[in-house]
Amino acid sequence: MSLLNPPQREAIRYLDGPLLVLAGAGSGKTRVITEKIAYLIESCGFNPRNIAAITFTNKAAKEMQERVNKLLAGKPAQGLTISTFHALGVRILREEAVTLGYKPNFSILDSSDCLAIVSELAGSVDKANIRKLQSLISNWKSALVSPDQARKNAQDETETLAANAFASYSGTLQAYQAVDFDDLIALPVALFENHPAVRDKWQNRLRYLLIDEYQDTNASQYRMLRLLAGPRAAFTAVGDDDQAIYGWRGADIENLRGLPRDYPNLKVIKLEQNYRSTVRILKAANALIAHNEKLFDKKLWSELGHGDPITVTVCGNSDQEAESVVMKLQAHRFEHRAAFGDYAILYRGNFQARALEQLLRNQRIPYLLSGGQSFFDKTEIKDLTSYLRLLANNDDDPAFIRAVSTPRRGVGASTLQALGSYAGERRLSLFAAAFEQGFAQRVPARQLAPLLEFCEFINRLQGRAGKEPAAQVMPDLLAAIGYEAWLFEHDEARTARIKLANVQDFCDWLGKKGAEENKTLFDLTQTIALINLLDKKDSEVDAVKLSTLHAAKGLEFKHVFLIGIEEGVLPHREAQADNRIEEERRLMYVGITRAQRSLHLSYAEKRKQGRELIACQASRFIDEMGREDLRFSGGKSETIPDKAATTDRLAALKAMLGKASPG
DNA sequence: GCACTTTATGTTTTT
DNA sequence: CATAAAGTGC
């Protein structure tokens, strides 16, 4: 590993007050954070449990943890916090739940759970607008706007409707003893503001804070940071305004601008040397981002040589684009004797991965898909987690409804409706209401019996879930509900087997995690909502990485393919209207700067949109990169082989590669 | 009233 | 292509 350059060293050593590090892409941002953690522990005598590093994704947290472990070889940093904002929020809330009127076993709802609640509350609103309501509510929460304030400030009908839904939504969550993702930040903020003693306790516990990707903080996260940092303001924030790509989620670049205002003694250090990419790639990235209005002036430079020209491939349609990318990748890999793991294919939307996946599978090219549907979003896993959630928190009505009806056990819509209205009148959870005499009088015995049987089953299991390890309870739970048989009854044998394997993976994960971290089933239930992928060390697997541009931030790859560089896709159609083009441009910038050695762009002249083919144009971003370093190929001038011919060529190429490089 | 089958429908990005 | 509402047998 190379030596630290002067600004990097300064950023690591500076401890006299709040510090902002403006770190361009590939300038060693993560390295500054990890080395600073090591410096604090080894040279400054900090206790690891007094240091917290905060990231935005679990992946980034994990990678940072690994790098810190390597730096502190031999001496594991006991109690060091490296987590996402949300995971830190959960930790605070679990400890302080009672002060806020929650029980420690509160449930965490994911966005689809919340969507279902909003849609129930706003019954008459049509489907397309429900999502708008949800995102309005979420934006208010992350801006720390109360339902009352939202109602007062509502600009139009939709906002009034959403503000009203917001009020009842908050009440509903409280009744369920549940929180959503935004609450994981907003509730600790409220806690710290209303209970100075609790705030002081946490300020004293987390004595030095390091924040990664600072440009992506929203108002509530910034407030949480300020409350945690307190008057001592011992923190290092690292960010790059050119990589702010979470505006749609409430991230506000004003937080970057506001930092010098809120902390007059703020020290600012810029990292401008890029250690990642070739000059050509960097030049294109700089040319592109120059079209945005700049907040801070930064000039990235590199000493890594010119490198290959950037290629731009024009394809007839999106299927041909996928084929061309896979073919080019194979040829490139052969020519450069590179490994599969040196390649990443990046795209704007998850749907673009489909065609690629199929092709890669056909070609037996190993690949890893990151982002997209989370493991814990799969129906079979959500079925099981609903049982776990209900075990941990009897008030979790959505979990109750899902668990009681999967598998079917003679409790149907009308019974649940009766239960729901009774529970509403008596202000009880569904679970508690089921045991009441008053409810028994309202429904016929043949409806009540299966319901009570289910509730008693949950009661019996609950005793065990608190005491026995997950690995012991889960198999019994599965057997008792007959889940395996139910899967094979409902799905084709092939899908049922896949689902069953996922269920098995899930149980193994619970067992492993429970044993490793000595956690009860209850503890594990709460972390599930926040975890995206099963633990797999991506870097250790020799496979092509498929990722959305958002999920690729913070990563780097030797060779990068950026696909779908079209008007309507990147920049996205929905982003054309407002001033959101700049964010799309930053997204493109993030994509370009992931590449170390080579960069390959492509776009299709026609793309399927819904049912029909739509004509597409090259993205404006291609021209903005400056044409002199781009090399174009394909397009109308070139004859495009039909699918069968392409497949033959792929087969021939594959045979050739097979002979050339066994294994 | 319950469970299962068909039909419509809809896609940005993530914690 | 996968999920979600409406429709049909029991």
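Within every chain, numbering begins at 1; the chains are lettered A, B, ... in the order of the sequence lines, protein sequences first and strands thereafter.
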Are any non-hydrogen side-chain atoms of A:Leu430 and A:Asp397 less than 4.5 angstrom apart?
yes
For A:Phe85 and B:dT15, say yes or no: do the ring centres fall under 5.5 Å of each other while the ring planes differ by less than 30°?
no
Would one find more than 12 heavy atoms of other residues, nucleotides or ligands at under 6.0 Å from atom CZ of A:Arg131?
no
Of the listed C:dA2, B:dT15, B:dT13, the closest approach to the A:Arg354 side chain comes from C:dA2
As a test of reading the structure: which of B:dT14, C:dT3, B:dT15 is closest to the side chain of A:Thr379, going by heavy atoms?
C:dT3
If you find the nucleotide of DNA chain B closest to A:Gly410 and the one closest to A:His550, which residue's nucleotide is nearer the 5' end?
A:Gly410
Report yes if at least one side-chain N or O of A:Thr415 is closer than 4.0 Å to OP1 or OP2 of B:dG1; otherwise report no.
no
Would you indicate what A:Ala413 reaches in the nucleic acid, counting non-hydrogen atoms under 4.0 angstrom: base, sugar-phosphate, or nothing?
sugar-phosphate
Between NZ of A:Lys553 and P of B:dT15 the distance, given in whole Å, is 11 Å
Between the side chains of A:Asp491 and A:Lys499, is the shortest nitrogen-to-carboxylate-oxygen separation below 4.0 Å, so that they form an ion pair?
yes
Between atom CG in A:Leu416 and atom C1' in B:dG1, what is the gap in whole Å?
12 Å
Respond yes when some side-chain nitrogen or oxygen of A:Asn350 is under 4.0 Å from OP1 or OP2 of B:dT13, and no when none is.
yes
Please work out if A:Ser111 contacts a base, only the sugar-phosphate, or nothing of the nucleic acid, heavy-atom cut-off 4.0 Å.
base
Just to confirm, is there a sub-4.0 Å distance from OP1 or OP2 of B:dG1 to any side-chain nitrogen or oxygen of A:Gln417?
no
Between A:Phe400 and A:Tyr176, is any pair of side-chain heavy atoms under 4.5 Å apart?
no
Taking the nucleotide of DNA chain B with the nearest heavy atom to each, does A:Gln447 or A:His572 sit closer to the 5' end?
A:Gln447
Distance check needed: B:dT14 C1' versus A:Leu549 CG, whole Å only.
14 Å
So what does A:Val569 touch, heavy atoms closer than 4.0 Å: a base, only the sugar-phosphate, or nothing?
nothing
Gap between atoms CG and C1', on A:Leu419 and B:dG1 respectively (whole Å)
16 Å
Parallel, tilted or perpendicular: ring planes of A:Phe457 versus A:Phe454, cut at 30 and 60 degrees
tilted
Whole-Å distance separating the CD atom of A:Glu574 from the P atom of B:dT13
12 Å
Take the protein atom CG of A:Leu93 and the nucleotide atom P of B:dT15, then report the distance between them rounded to whole Å.
19 Å
Looking across every strand, which nucleic acid part, if any, lies under 4.0 Å from A:Arg586 by heavy atom: base, sugar-phosphate, or nothing?
nothing
Show your reasoning for whether salt bridge (Lys or Arg N to Asp or Glu O under 4.0 Å) applies to A:Arg409 and A:Glu453.
CA-CA 10 Å; A:Arg409 45 168 63 84; A:Glu453 200 180 320; over 6 Å; no
For a quick check of understanding: with a heavy-atom distance under 4.0 Å over all strands, which category does A:Arg249 fall into, base, sugar-phosphate or nothing?
base
Within this structure, what is the CD-to-P distance between A:Glu213 and B:dT13, rounded to whole angstrom?
19 Å
From the candidates C:dC1, B:dT15, B:dT11, the one with an atom nearest any side-chain atom of A:His86 is B:dT15
Atom-to-atom span, CD of A:Gln243 to P of B:dT13 - whole angstrom:
20 Å
